[in-house]
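For ligands, and for the atoms within them, numbers begin at 1 and follow the listed sequence. In what follows, residues are counted from 1 in the order of the sequence shown.
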Amino acid sequence: MGTSSAVEIDAWLRGGGLVVTASERTARSLTSAFHRARRLEGLAAWPAPNIHDWQTFVRSAWAERVSDGRLVLNSIQEQSLWAEIIAAAEPQAAHLAGARDRLASLAMEALRLLSNYAPALLNERARAGWDQDAAAFSSWLTAFDGVCRNGRVVSAARLPLELIPVLQADSSERPPLLLAGFDRLLPVQKEFFAAWGACSLAPSGEAASRIAFHAASDPSSELEACAIWCRRQLAANPHARLLVVTQDLRTRRGEMERAFLRFTRAGAFEFSLGMRLDQVALARSASLLLHWLDDAIDEQELDWLFSSGYAATPNELQVLAAFMRATRHRNMQRTSWPLPQFIRQRPGAELPAAWLARMMPVRQRLLDFSRSAHTPLEWADLVAALLHDIGWPDARPLTSAEFQAHHRWQQAIDECASLGFDGRRINWDDFLRAIDRTLSETLFAPESEGAPILIAGPAETAGLTADAVWFMGASEDTWPAVGTTNPLLPLAVQRQAVMPHATAQLDWDLAAIMTRRLLASAHEVHFSFARQSDGVEMRPSRLVVQFAGPPQALQTELKPPPIPEPLTVEFRDATELPFPPGEIAGGSNILTAQSQCPFKAFAIARLGAEDWDAAEAGLTAIERGQLVHDVLHSVWAGPPNGIRSHADLVKIADHLPSFVAEHVRRVLDEKLPSHAREGMPPRYLELEELRLVNLVTEWLRYESTRVPFAVLETEQKSDASIAGLELHLRLDRIDRLIDNSLLVIDYKTGNVTPKSWDLPRPDDVQLPLYAGFATAADERIGGLVFAKLRAGERNREFAGRIKKARETLLGNLNSTTSLVKKPLKDQDLDDWRAYIADRAQNFLNGRAEVDPRDYPNTCERCGLQALCRIEENASLQADENGDDEVDADG
Ligand code: SF4
C-alpha cells in the first residue's frame, strides 16, 4: 500500500498531527495502518496516533468548552424522549411500542438532518408552513426542545451547531486538523471546521493505473470471480492488502463467507460491517434466558439455547438436550415453552438437578422484584445478578471474540441503565424491550485481526487505501445506490437543503464522488456486475462505464474450475464395522433407509441420529395419520364394537356415519395427544373429529364396493428374521381375498406411489418386506397395496400391485388402471425378497457409505445433512432425471 494519501496521513500522524475521520471505521482503519507501518519499520514502541472520528471529536470539543451542566443524550436516551413525546401527541398512531419506537427513530433522524443541512429550520417559526406529517413532526420537535431545556439535556445532533459560536468567540490557538475519509463535508461540518481554524482535507491519491470492469453471468459467478481474484493477488504478493467493496453485505454475508473460505482461507478475510448484537450467539443466549424467566419462548429458540453452549455447563446442556429429545419421543412437544411448564414435564428423562436448583430461585427472584417499578439502573443490576446466578455465559474461558461480545453486551445493558437519566422508574417488560431494541440497533464486529482482505460497504471505505480494490454489484440498478428520504420532513425542504437522496442527481453526484475516491485509493481497481439476477437482465452501471469503460466478459482465470474443490479432503473410508446379528428397533424403516442411503440407516439405527419436525400448534401430519390408523383399527377389530368383513360392512351401510362417529369418539378419548387437548380450543377438536368421521366414512363406502373379503389381521405385530437381522414389524392390515390369497394393506394419508417399490433400488421396501417376510410361508400373497385415505373422491383409492385385481379387489376397475395393467407376479416377490435380504446383509456387514439413491431428492427428505455433510461432497451432482416420488407416510 502506498498511495500518496496514505503516505501523507502517515507523515502527519508521525509528526504528532491530529486527524479527524468521517467515521469510526475509518479511524480504526487508519490506526491499524499506522501501527502496521511502525511494525514494518522494525520499531518496538512508538507514540499512539492522534486520530478521532467526527462524533468523538465533537463530543470531546464540547466537553472541553461547554460547562453549563447539560447532559448530552445518548441514542437510547434520546429515543426514549422522542417516544414519550410521540405517545403523548399521537396516542392512537403510537399505540404499539414497535410503531412508537420506529417513529421515534425517524424523528431523531429528521432532527439530525435539520441540524446538519438546514439549521435555520430548527427555529419553530421557520417551520410554520409545514403541514401533515411534517407539521406533526414540527410540533414534536418543539416539545422535544422544551423537554431538553427543562431537563438540562441536549441532543448529540446539536453539538456542532452549539460549538460553532463558542469556537468563533474563542481566539486561542487550536491544533491544525487533517480531515480524512470525508466524501463530502456537510454544511454544518464546513462551518464547524471554518470556525476551528487551520484544517485541510487529506489529498486523494493518484488515479489507479489499472482499471477493469468485469461482466459475470450471475451474482454467484461474480462473487466467485472476486474471491478467486483475491486468492491470485495474495499468491502473487502475500503482504498485499485488498479491499472488496459490496453493497450486499447484510443480505449476502453468509454466501460471501462461504465463497471466500472456498477460494482463500479462514483468517484471510474479515468484514468491516458488524453483525447485529442480537444475532451474536452470546448476546442472543442472554436475551433468551431473560425472556424465558417470566415468559414462554419458542421451541426452536429453546433448542438453539441448549445448543448455544452458553445457557448451562456442558454436562447440563447434554442432559437438557436429552430431555428435549425425550419430550419429542413422548409426543409432548410444544410450539413454545414457559419455564414452569417445561420443568413440570415428565418425559421419562430428568432435568439436571444443579441447573434446576439455579433456574427456579432466579425466576422467583425476578418475579418478586417485578412486583413494582424500578429505576433502569436497578434493573440493569438485577440482570447482571440473574445471569450470574444462572451461570451465563458458563464457567469455561471465553475466546477473544466471545470476550469482546460479552463486553459489548455489558455496554448495551449499561446503555439501558442510562435510561434513568430523568429519574424514571419502569417495569420489567419495558426494560426487557429496551434491551431488545438496543441489541437490535447495536452492531458488533470483533476487533480487526489485520486480515489481508477487508470486505466493506461503499460508505465504510472512505479514507481507506489498499493495494487493490474490487467493487462488486456495479449494475445500473444498484450503483448509484438509491435511498429514501425522511418522511417527516417536507420533500421541498430536503431538496432545497440538498439532503441525501432528495433527488436522483444527488445520488448520482455522491456515487460519482465515491467512485472517484475508490479509484484513487489503490493502484489497481476492478469493478464487476452480474448480467442476470433473480431471472432479471441487468445492465452495467452507467457511472462506472464512464470511469472504466464497457464491461468485459470474465477471463477464464477468474472462473472456478468446473467441479468445485471440496472443503474437506476426500477420504475413501472402506471401514465396515459389522453389526452383530440380532434384534434392532425401527422395523422395516431400517431397510428402507439402507436402500435409500446406507449411511442414513447407519446413522439412524446405530448412531441414534434423528431429524425433528418443528412442533405445531395443533396436530401434526403424523399425528393425524396415526389417528386415522387407530380409527380403522378400531373399526376392523371385530366384535363387540367393530366389524370384520365385507359382509359386515354392507350390513351397517344405512348407519355407517354414526357407526364411524362412535369409533372416532372412542379413539379421540383414548389417543388424542395431550398437547392438542390442552393447547387447542374445543372448536378445533370438534372440527378434527368431523374430519375424521367424514374421511373414514367415505373410505368405508369405497371399500363396500370391493369384491367380498374378510379382515384377517389389523395392526398385527410380527417378527421377521432377515439374514440374521431380527425386525419387529407392525402390519396395518391383512385381508383374506375371495381366492383365499392375502392382501397386505398399508394405510396412507399422504401422496404415495407403488413406483417407490421398483427395483433395482426401491425408495421404500416396507410392503414388499411385509409380503415377503411377515406372512406365513404357506400363505399365498394376492397383492400389496397402499390404501390412500385422502379427502376427495379422486384421491381415494387402492394403489399397488395385485395378481388379479378385477377378480379379487374391485370388479369395476378400468383396464387402463395400473392395478390391472401391471399385475403382481411371483417373480416380483422373489426379486424383492432377494433384494431385501441383500440390504439386511449389507447393514449387518456395516456398509455405511454416503450414497443417496436419488440425490438431491432423497436428501431433501432425510434431514441428516449436517451429519453426513453431503453438501460438501462436490462429486455428487443433482440428477435432474431422477425419480421424484415423495414418501408421505402418515
Ligand atoms: S442427507 Fe442424503 S446422503 Fe446424507 S444421510 Fe441422508 S440420504 Fe444419505
- Task: Answer yes or no on whether Arg253 is positioned over the face of Phe271, meaning its NZ or CZ is under 6.0 Å from the six-membered ring centre and within 45° of the axis.
- Result: yes
- Tell me whether Cys868 has at least one N, O or S atom under 2.8 Å from atom 2 (Fe) of ligand 1. no
- Which atoms of ligand 1 have any heavy atom of Phe599 under 4.0 Å away? 5 (S)
- Query: To the nearest 0.5 Å, how far apart are CD1 in Ile584 and CZ in Arg606?
  - Reply: 8.0 Å
- Tell me whether the guanidinium CZ or amine NZ of Arg284 lies under 6.0 angstrom from the six-membered ring centre of Trp304 and within 45° of its axis. yes
- Message: Looking at every heavy atom in both Gly750 and Arg790, which two are closest together, and how far apart are they?
- Response: O-CD, 3.5 Å
- Query: Would you say the side-chain atoms of Thr264 pair up with the backbone N or O of Phe260, donor to acceptor, closer than 3.5 Å?
  - Reply: yes
- atom 8 (Fe) of ligand 1 reached by Cys859 (N, O or S, under 2.8 Å): no
- Query: For ligand 1, which atoms sit closer than 4.0 Å to a heavy atom of Val850?
  - Reply: 3 (S)
- Task: Enumerate the atoms of ligand 1 whose separation from the nearest heavy atom of Cys597 is less than 4.0 angstrom.
- Result: 3 (S), 5 (S), 7 (S), 8 (Fe)
